[in-house]
Amino acid sequence: MRKAWVVAALTAGGAVGFVLLLVVGTFMVAGNLMNGVGKGAVGLAKGAVPALYQPLVQKWGNLCPAINPALLAAQLYQESGWNPKAQSPAEAQGIAQFIPGTWATHGIDGDKDGDRDVWDPADAIPSAASYDCKLAGYVKDAPGDPASNMLAAYNAGAYAVIKYGGVPPYSETRNYVKTIKELEKSFARPIGRVSPSRQAAAAISFAQDQLGKEYLWGGNGTPEEGGRFDCSGLTKAAYNSVGVELPRVANDQYNAGPHPKREELLPGDLVFFSDDLTNSRAIRHVGIYVGGGYMIDAPRPGAVIRFAPVDTPDYFGATRVTEAGAKALEEV
C-alpha cells in the first residue's frame, strides 16, 4: 500500500490552475515532439511479458525475419492471455492455442527434454515461433507485408493468402491481423520518443473533476454508486469521456498503447504500480499522469481521489493510450 500524501502547496484553486497549465502544456509538448517520434522497436517493453516466459519470447521471436519478439508476444497474448492451461471450445490448447492436429504436425520439443507437450510453454512458445516461420515461408511470394501475410495464414490458412494475394477479405482474419499488429506496439520497447496522445487533455479534465470523491471498490462512477470510482474505474471513465474504451482492470489497461520511459512521461499517460516489477499481469494500481511527477488516482478504501506522487518504489511503468491500442484489446 503506497503512502498517501497531500501536496500542501496546492490550495483548491491552485490545484485547478496547476492542472489547467498541464493541460495546455500537453498540447505544447505534443507539438514539439511530433517530428521526433521514433519508429520500430528493439526487444520487449519492461515487464510486458511475464518474467517466466520473457527469455523464450525474446529468443524464439528472432527465429525468422517475418516475426520479432514483440509480435510473438502480441500473438500469444491474443491467443491465451499468457494462460498455459487455456483451452477453447474448438479444442485449441495451451499458451499458443494449438489445435491437436496442428500440434501433431508442427509441435516441437523446444526444451529438448524428449517430449512435445502442448501444455508446456517451453515447448509451445518455440512451436508457435517455428510454425509462424513455416507459414511465412509458405506465403513468402504473396504481395504485401510479410508479417501480416504470416498472421493471416495462421488464422485462415496459407492457401487463402496465396489465393487472394495477401490478407484475404475475411473479417475475422483482417481483425486478427489488425489486432496483433496493434498489440505489437504495446509489447515492444520503443526507440526514440512515443507519439503524444491527442485525447490526453480532456481525459485529465475528467479526472480532475473527480478530485475529492470517496474511493469505491469496483466503482464505475454510476449514479447508483454516487459517482464514485476505484483506480481503474477512474482511468477507464476518463478515457471513455473522449471516446476511447479501455478494459476494466488495470493490468489489461497496460496493453492499451506503447510505453514511454519515465523521463518521457506526458500528461494523460496512465501510470502503473505493482509488487512484482517483472510482470504486467501483476499490476494492481493505476493513475493518470498530470505532470511534475504527480498523478490523479483513486487510491484505496477510506481515501478520496487525489493528487499523488508517481515516483514510489512500486512504480511499474506507463502507457500512452491510443484509440487503436484500446480497440485492439476489445478483440482479445
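Fair warning: this is a prediction, and the values are worked out from it, not measured in the lab.
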task = With side-chain contact (heavy atoms from CB on, under 4.5 Å) as the test, would you mind laying out the steps for H259 and T319 before giving the verdict?
result = CA-CA 5 Å; H259 307 295; T319 296; 3.1 Å; yes
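- With rounding to the nearest 0.5 angstrom, the CG atom of D120 is 9.0 Å from the CD1 atom of I125.
- A continuous path of hydrophobic side-chain contacts links I108 to W119 [ILVMFWY only; heavy atoms under 4.5 Å].
- With sequence neighbours excluded, no residue satisfies salt bridge (Lys or Arg N to Asp or Glu O under 4.0 Å) with R116.
- Residues Y215 and F307 do not share a hydrophobic cluster, clusters being chains of Ile/Leu/Val/Met/Phe/Trp/Tyr side chains in contact below 4.5 Å.
- Hydrophobic clustering, with ILVMFWY side chains joined whenever heavy atoms are under 4.5 angstrom apart, groups Y176 together with Y77.
- Of all the heavy atoms in P267 and A200, the pair that sits closest is O-CB, 3.1 Å.
- When atom types are taken as modelled, the side chain of N149 and the backbone of P143 share a donor-acceptor pair closer than 3.5 angstrom.
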message = Pair Q253, S232 - check side-chain hydrogen bond (donor to acceptor under 3.5 Å, both in side chains), show working.
response = CA-CA 8 Å; Q253 291 180 4; S232 56; 4.7 Å; no
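- Across V57 and P69, no two heavy atoms sit closer than the pair CG1-O, 3.3 Å.
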query = Where do E182 and K327 land on the side-chain contact (heavy atoms from CB on, under 4.5 Å) test, with the steps shown first?
reply = CA-CA 9 Å; E182 191 60 46; K327 182 71 174 176; over 6 Å; no
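- In this structure R262 satisfies the salt bridge (Lys or Arg N to Asp or Glu O under 4.0 Å) test together with D311, sequence neighbours excluded.
- Proximity of P168 to V161: side-chain heavy atoms (C-beta onward) are separated by under 4.5 Å at one or more points.
- Every residue meeting the ring pair (Phe, Tyr, Trp, His ring centres under 6.0 Å) condition with F272, not counting sequence neighbours, appears here in chain and number order: Y254.
- Y289 meets the side-chain hydrogen bond (donor to acceptor under 3.5 Å, both in side chains) test with no other residue; sequence neighbours excluded.
- Under the ring pair (Phe, Tyr, Trp, His ring centres under 6.0 Å) criterion, W60 pairs with no residue at all, not counting sequence neighbours.
- Between L277 and P313 the shortest heavy-atom distance is CD1-O, 3.8 Å.
- Between atom CG of residue N255 and atom CD of residue Q78 there is a gap of 12.0 Å, rounded to the nearest 0.5 Å.
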Test log, rule side-chain contact (heavy atoms from CB on, under 4.5 Å), inputs N68 and E184 = CA-CA 9 Å; N68 64 66; E184 177 187 4; 2.9 Å; yes
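- In this structure, CG on L76 lies 10.0 Å from CD on Q97, to the nearest 0.5 angstrom.
- Counting only heavy atoms from C-beta outward, the side chains of F229 and Q210 approach each other to under 4.5 Å.
- Judged as a salt bridge (Lys or Arg N to Asp or Glu O under 4.0 Å), and not counting sequence neighbours, D117 has no contacts.
- Smallest separation of non-hydrogen atoms from A124 and I95: CB-CG2, 3.8 Å.
- Atom CZ of residue R306 and atom CD1 of residue I296 lie 11.5 Å apart, to the nearest 0.5 angstrom.
- A distance of 5.5 Å separates CD1 in I288 from CD1 in I204, rounded to the nearest 0.5 Å.
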Compile the donor-acceptor pairs under 3.5 Å between side chains in residues 150-157 and protein atoms, sequence neighbours left out, one pair per line.
residue, atom, partner, partner atom, Å
Y154, OH, A96, O, 3.1
N155, OD1, T173, OG1, 2.6
N155, ND2, E172, OE2, 3.4

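- Every residue two or more places apart in sequence or in another chain was checked for a ring pair (Phe, Tyr, Trp, His ring centres under 6.0 Å) with Y159, and none qualifies.
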task = List the steps, then state whether side-chain contact (heavy atoms from CB on, under 4.5 Å) holds for N240 with E245.
result = CA-CA 5 Å; N240 183 259; E245 187 69 26; 2.6 Å; yes
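- What you find for L72 and A128 is that their closest heavy atoms are CD1-CB, 4.3 Å.
- For the pair V271 and V286, the minimum side-chain heavy-atom distance is 4.5 Å or more.
- Applying the salt bridge (charged side-chain N to carboxylate O under 4.0 Å, His left out) definition to pairs two or more places apart or across chains, none involves residues 79-92.
- Cluster annotation: W82 is not connected to V249 through the hydrophobic network of ILVMFWY side chains, with a link wherever side-chain heavy atoms come within less than 4.5 Å.
- In this structure, K236 contributes its side chain and L246 its backbone to a donor-acceptor pair below 3.5 Å.
- Looking at N220 and T222, their side chains never bring a donor and an acceptor atom within 3.5 Å of each other.
- A side-chain donor-acceptor contact under 3.5 Å links D276 and T278.
- Among residues at least two apart or in separate chains, salt bridge (charged side-chain N to carboxylate O under 4.0 Å, His left out) pairs with a member in residues 214-231 are E214-R228, D230-R248.
- For residues 43-56, there are no side-chain hydrogen bond (donor to acceptor under 3.5 Å, both in side chains) pairs, not counting sequence neighbours.
- In this structure, P260 and D269 have side chains that are in contact, with non-hydrogen atoms separated by less than 4.5 Å.
- With rounding to the nearest 0.5 angstrom, the SG atom of C231 is 8.0 Å from the CG atom of D297.
- Listed by first and then second residue, the side-chain hydrogen bond (donor to acceptor under 3.5 Å, both in side chains) pairs that reach into residues 123-147 are Q75-D132, D145-S148, D145-K181, sequence neighbours excluded.
- In terms of heavy atoms, A328 sits closest to T179 at O-CG2, 3.4 Å.
- One hydrophobic cluster holds both L52 and L56 under the rule that ILVMFWY side chains link at heavy-atom gaps under 4.5 Å.
- Between Y315 and F273, some side-chain heavy-atom pair lies under the 4.5 Å cut-off.
- When side chains are defined from C-beta on, N251 does not count as touching S280, because their heavy atoms never get closer than 4.5 Å.
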